[in-house]
Amino acid sequence: MKFIETRGNDGTSPASVTFSEAILSPMSSFGGIYSPESLPDLGEYFLKCHVDQDYKTLASNILTAFNIDIEDSVIAEALSLYDHFDDATNPAPLVKVKDDLYVSELYHGPTRAFKDMALQPFGKVLSSLAQARNEEYLIMAATSGDTGPAALETFKDRENVRVVCLYPDGGTSDVQRLQMVTEDADNLKVIGIHGDFDDAQSALKLLLQSDTFNAKLKEKNISLSAANSVNFGRIIFQLMYHIHSYLELVRQDAIKLGDKVYLDVPSGNFGNALGGYYAMKMGLPVEKILIASNENNVLTSLINNGLYDISDSSVIATTSPAMDILKSSNVERILFDMFGSERTKELMQQLDTDKRYQLTDSEIAEMQKVFVADYCSDAEGSQYIKDAFADGYLMDPHTATCFKTYDTCRDDKSLKTIVYSTAEWTKFSPTIAEALTGQAGSSDIDALKAIASEAGISIPDSINDLFSKEITQSVVIDKQDIEKEILAFLS
Ligand SMILES: *Cc1c(COP(=O)(O)O)cnc(C)c1O
């Protein structure tokens, strides 16, 4: 399987690349990204053959269908990382919450958020490729929460890859910060920045464009890669759980093989939703994909009226911060798949220059064949958390946004809905504690205790232990000192 560029080819770089090239150097001509040239057609027979198979077998056979240039032994090792999830046989359990609403829990990995589903195997694959080529890679990430801990965790002590993670000091939850600053490995560097997430992200952008910085990396024979969700190496591991959740519904006798379902996805950078879209194109019986957003509702507008407009908006801080995003990177792969590279390049250029683009009526119709969208305010989300808890289900504020789309976006009420839960309650505890008890402003540890007592459960050890672990990454600096700090770490 080859990968091609969403904005077409500029004539100087190769017109198509292998999977390993696409994941080692994910940026392509004109600022585009790599997408699969075609998708394997799995069909109903494939689904039927996997009803009685476990997650790893399913994942492995999907990768085989993609025919990627990764050795079987590396794939096997990468997938064996799912053995460390809560249930070694089922990393993503499906839980019934209402007669027609099932929650696919994607947060049972080491950092308690769904980023582990893809980053765990991805880290192993990337490091093995770097090792086989005898090349050194640097991955830099600016994080406001979940990507940082998951990226650090997957690359910890891995060969030939170093990770630098920038976070806004005071701009993450206590649990997220502690997950990063207690990471102890020679190949990891965590840097707190005085400022907010935008400051951290713009500092990273400047550095990536800096000639002196790039020259220094070259001198040291270090190449840059990326672990964000524009990297197809992450997306490929996000197809599987959509197919797995569907098969779980069959196993639980909730549907018959071939019945259609709704997929209901809390969306930010659109990696999760893109995985669902590819699964649908590969033959998974999906009626529609429901796109849930918070008040940063660019995706709702895009799908409902074809307008992507960030010209006079700034990011709103919500209680579902992993979805506080205006430029949703993976939408580009949908545009490319539906409308081709020429149109995608045009639209993305408009977004760069005018901060907006408008789809035509026929393009909107095409979009709406697959997607339906709505957004959920913080107050609505809080009510959904409270109501679900009263029904016996504890969920986080990102997952809660899907309960709004479940209420407002389904035409066929006879079909089952799979809601994707992207974080454990432990990661966003102050918001959940407030929804359940009415008490605002608790610290993470007090909120964790309040929820545990309210729900009659205990705080998981992996979270509780963070509060007494040694802080090994204590650097907090001004933006202008980042380059120096990173270069010192690399020598
Ligand atoms: C990353 C993240 C999301 C958004 O997922 P995308 O694939 O970027 O759309 C939603 N919820 C949580 C908790 C996340 O960490």
Looking just at side-chain N and O atoms, do [X] and [Y] make a donor-acceptor pair shorter than 3.5 Å?
| X | Y | answer |
| --- | --- | --- |
| Thr405 | Asp374 | no |
| Ser245 | Ser104 | yes |
| Ser382 | Asp378 | no |
| Asn90 | His108 | no |
| Asp354 | Gln350 | no |
| Asp10 | Ser13 | yes |
| Thr417 | Asp264 | no |

Is it true that [X] and [Y] make a salt bridge, defined as a side-chain N closer than 4.0 Å to a carboxylate O?
| X | Y | value |
| --- | --- | --- |
| Glu424 | Lys427 | no |
| Glu366 | Lys369 | yes |
| Asp199 | Lys479 | yes |
| Arg7 | Glu332 | yes |
| Asp412 | Lys260 | no |

Could I get the full list of side chain to side chain donor-acceptor pair (under 3.5 Å) partners for [X], not counting sequence neighbours?
| X | value |
| --- | --- |
| Thr318 | Asn294, Ser320, Asp324 |
| Ser25 | none |
| Lys2 | none |
| Thr399 | Asp396, Ser421 |

Can you list everything that forms a side chain to side chain contact (heavy atoms under 4.5 Å, CB included) with [X]? Sequence neighbours excluded, please.
| X | answer |
| --- | --- |
| Ala65 | Pro40, Leu42 |
| Ala150 | Thr111, Lys115, Asp116, Leu119 |
| Ser35 | Thr6, Tyr278, Arg333, Phe336 |

Original post:
So which pairs with a foot in residues 390-424 pass ring pair (Phe, Tyr, Trp, His ring centres under 6.0 Å), sequence neighbours left out?
Top reply: Tyr241-Tyr420, His242-Tyr420, His398-Phe428
**OP:** Apply salt bridge (charged side-chain N to carboxylate O under 4.0 Å, His left out) to Glu342 and Lys345, showing your working.
**Re:** CA-CA 5 Å; Glu342 213 166 297; Lys345 185 176 170 212; over 6 Å; no
Subject >> Side-chain donor or acceptor of Asn296 paired with backbone N/O of Ile316 under 3.5 Å >> reply: yes
Original post:
Do side-chain atoms of Tyr357 reach the backbone of Gly306 as a donor and acceptor pair under 3.5 angstrom?
Top reply: no
Could you tell me if the side chain of [Y] sits less than 4.5 Å from the side chain of [X], heavy atoms only?
| X | Y | answer |
| --- | --- | --- |
| Lys98 | Asp100 | yes |
| Pro149 | Leu152 | no |
| Thr143 | Met180 | yes |
| Met395 | Val97 | no |

Original post:
Does the pair Val175 and Arg112 meet the rule for a side chain to side chain contact (heavy atoms under 4.5 Å, CB included), with working shown?
Top reply: CA-CA 10 Å; Val175 166; Arg112 318 314 287 166; over 6 Å; no
Please identify each residue that fulfils salt bridge (charged side-chain N to carboxylate O under 4.0 Å, His left out) with [X], with sequence neighbours left out.
| X | result |
| --- | --- |
| Glu434 | none |
| Asp337 | Lys281 |
| Arg356 | Asp309 |
| Lys327 | Asp352 |

**OP:** Run the numbers on Ile432 and Phe389 for side chain to side chain contact (heavy atoms under 4.5 Å, CB included), then give the verdict.
**Re:** CA-CA 10 Å; Ile432 302 170; Phe389 188 72; over 6 Å; no
Subject >> Ring centers of Phe66, Phe19 separated by less than 6.0 Å >> reply: no
Subject >> Phe85/Gln120 under side chain to side chain contact (heavy atoms under 4.5 Å, CB included): CA gap, chis, key distance, verdict >> reply: CA-CA 10 Å; Phe85 282 48; Gln120 278 288 304; 4.1 Å; yes
Original post:
For atom CG of Asp391, is the number of surrounding heavy atoms from other residues, nucleotides or ligands below 6.0 Å larger than 12?
Top reply: yes
**OP:** Decide side chain to side chain contact (heavy atoms under 4.5 Å, CB included) for Ile325 and Phe270; before the verdict, give the C-alpha distance in whole Å, the side-chain angles of both, and the deciding distance to 0.1 Å.
**Re:** CA-CA 10 Å; Ile325 282 171; Phe270 220 74; over 6 Å; no
